[in-house]
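Notes follow the structure.
These numbers come from the heavy atoms of this one structure, side chains and all, not from hydrogens, waters or symmetry mates. Lettering of chains follows the sequences in order, A, B, ..., and the numbering in each one begins at 1.
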Number of protein chains: 2
Amino acid sequence: MNYPFSAIRQSKVSEDIVEQIKTLIREGQLKPGERLPSERQLAQILEVGRSSLREAINSLAMMGLVEVRQRKGIYVGSVSASLISDPLRQLMASDRDMFTHLYDIRIDIEVASATAAAENRSTEQLGVIASYLASMQDTGHDHSYNPVSDLQFHLAIAEATGNFLRVHIIKEIFDIARSQLHTAIETITTLQGNIDAIFRQHSDIYKAIADKDPSGAGAAMGIHLQWVKSEVNTFL
Amino acid sequence: MNYPFSAIRQSKVSEDIVEQIKTLIREGQLKPGERLPSERQLAQILEVGRSSLREAINSLAMMGLVEVRQRKGIYVGSVSASLISDPLRQLMASDRDMFTHLYDIRIDIEVASATAAAENRSTEQLGVIASYLASMQDTGHDHSYNPVSDLQFHLAIAEATGNFLRVHIIKEIFDIARSQLHTAIETITTLQGNIDAIFRQHSDIYKAIADKDPSGAGAAMGIHLQWVKSEVNTFL
DNA sequence: GCCAGAAACTGGTCTGACCAAAAGATGGGG
DNA sequence: CCCCATCTTTTGGTCAGACCAGTTTCTGGC
């Protein structure tokens, strides 16, 4: 019964497309929130019919890897959306205790990311992390705070671990946090003392990763995020 | 800001079709194994274009409610037609790399859980953890392996941290793992050496939590899950 | 410089055509 | 009358072109 043959299965075009895009997302070449070319363009690029392309996009949309917005475009979605089901997400936005729990999950993953990044980061990846650290501290002579660079710094660390799910989930939680806490965050990041503290903490994280010091990196990340958490809590 | 209106959402044709067929199947008017009319006929009957009909069928196929056999026809799902769609599960099952990433997320969270549990566990919670540890090692004189107690042991630790999201996510990932890896898991857990190793690792985790040794608990949990991961990988 | 109107673009839908494989119909030889 | 090769029809898979209804972008007149 068990022949040494594997089934010859002529793949459907749409499945090949799904596979390709899935890989691009997994490898980080397509990042969450990024917009894909339009259906017509993509079909032309991939040299397939628009119908096949649409089938593939529908599959990806159903898996949550991609989000189709009518008359706007196709966007790389967050897989974590499936892990954190929609009703749950709404709870997060409305319930502070639940949000605290969510934030702790972020800390769990980020601490692990920093640890793993310190072990495995390539010189290239370290450069990327360094560049975001620099762009965060370079924003003008006014020492202002740039939240985008902050997020990118964290995402770059997760990306250095080679696990795209970490990147997705961290970004997801960050987005929820931003939408819920933007006033608190703004207030906090106008105080020069706090900005300096954030810079220092980020530097500590970076140094540990650069020095290939896993436990140091994890600890630094933990300290940083716990500090942020406690700061935010004072404003709630 | 909060008007008493609900959003007018113009439904897509394909979604309406999905809804209709789903209802027919749920009500038993379409029975498992039964063959649906061909794409062209169905499109004509429903008075929609074939492309929309195909989109709907694809959705249903992905949910497992329907099975498309090339050049043969469309059949009502014969296996578990009542199963709800689980895109994430399907995604993980279809892609081993993604599953590995998901499993790493589990490790991130469980390591953090063990660490936090060692810090915060109450005597009561420690008792719960101990009881699952005992029930795992008590299953008969045959030293057999009880996967349910194993899971409960892990969940009890997460629960001791007071963060229900950790419990939720760990269980979710565990379920996905079990559905995908049940053969590998069964094979591994029939070897007495492996069972002994699992018992020992669980005991180490428990001891560290009982001793209120956070870093020890985290390390023990990490060793345990990495061991499981590598064991499973040898069978894949 | 601003803003209304036109043009280009987006995803959603429909139609008609072709392909390759499978199933069904046909027909001629035994 | 039966068998099997051949032709026809049907099936899902794919492609191309067209139209729709909103969105975005460009543009020209004020």
query: What integer distance in Å separates A:Gln44:CD from C:dG11:P?
result: 14 Å

statement: The nucleotide from C:dG11, D:dT23, D:dC15 with an atom nearest the side chain of A:Lys72 is D:dT23

field: Per A:Arg50 side chain, nearest of listed nucleotides D:dT23, D:dA18, D:dG12
entry: D:dA18

task: Mind calculating the distance between CD (B:Glu55) and P (D:dG12) to the nearest angstrom?
output: 17 Å

- prompt: When you measure from the side chain of A:Lys12, which nucleotide among D:dG13, C:dT13, D:dG12 comes out closest?
  reply: D:dG13

- request: Go through the N and O atoms of the side chain of B:Arg40 and the base of C:dG16, and report whether any donor-acceptor pair is under 3.5 Å.
  value: no

task: Could you pick out which residue, A:Ser38 or B:Ser52, lies toward the 5' side of DNA chain C when each is mapped onto its nearest nucleotide?
output: A:Ser38

message: Do the side chains of A:Lys229 and A:Glu231 get close enough for a salt bridge, i.e. N-O under 4.0 angstrom?
response: no

- prompt: Is it true that atom CD of B:Gln44 has more than 12 heavy atoms of other residues, nucleotides or ligands lying nearer than 6.0 Å?
  reply: no

query: What is the distance from CG of A:Leu53 to P of C:dT13, rounded to the nearest Å?
result: 16 Å

query: What is the distance from CZ of A:Arg71 to P of D:dC19, rounded to the nearest Å?
result: 18 Å

- prompt: Nearest of C:dC14, D:dT11, D:dG12 to any side-chain atom of B:Val13?
  reply: C:dC14

- request: Calculate the interatomic distance between B:Leu42 atom CG and D:dT11 atom C1'; express it in whole Å.
  value: 13 Å

field: Those residues that, when tested against A:His101, pass ring-ring contact (aromatic ring centres under 6.0 Å, His included) (two or more places apart)
entry: B:Phe164

- prompt: For B:Arg54 and C:dC14, what is the distance between atoms CZ and C1' respectively, to the nearest whole Å?
  reply: 14 Å

field: A:Arg69 side-chain N/O to C:dG11 phosphate OP1/OP2 under 4.0 Å
entry: no

task: Would you mind classifying the nucleic acid contact of A:Gln41 as base, sugar-phosphate or nothing, using non-hydrogen atoms under 4.0 angstrom?
output: sugar-phosphate

task: Nearest whole angstrom, please: distance from the P of D:dG12 to the CD of B:Glu67.
output: 13 Å

- prompt: Hey, does B:Arg166 have a side-chain heavy atom less than 4.5 Å from the side chain of A:Asp104?
  reply: yes

message: Can you tell me which nucleotide in D:dC15, D:dG13, C:dA20 comes closest to the side chain of A:Val48?
response: D:dC15

- prompt: Out of D:dC15, D:dT14, D:dT11, which has the shortest distance to the side chain of A:Ser51?
  reply: D:dC15

message: Without decimals, in angstroms, what is the distance between B:Glu39 CD and D:dG13 C1'?
response: 8 Å

Heavy-atom check, side chain of A:His154 versus side chain of A:Met221, under 4.5 Å: yes

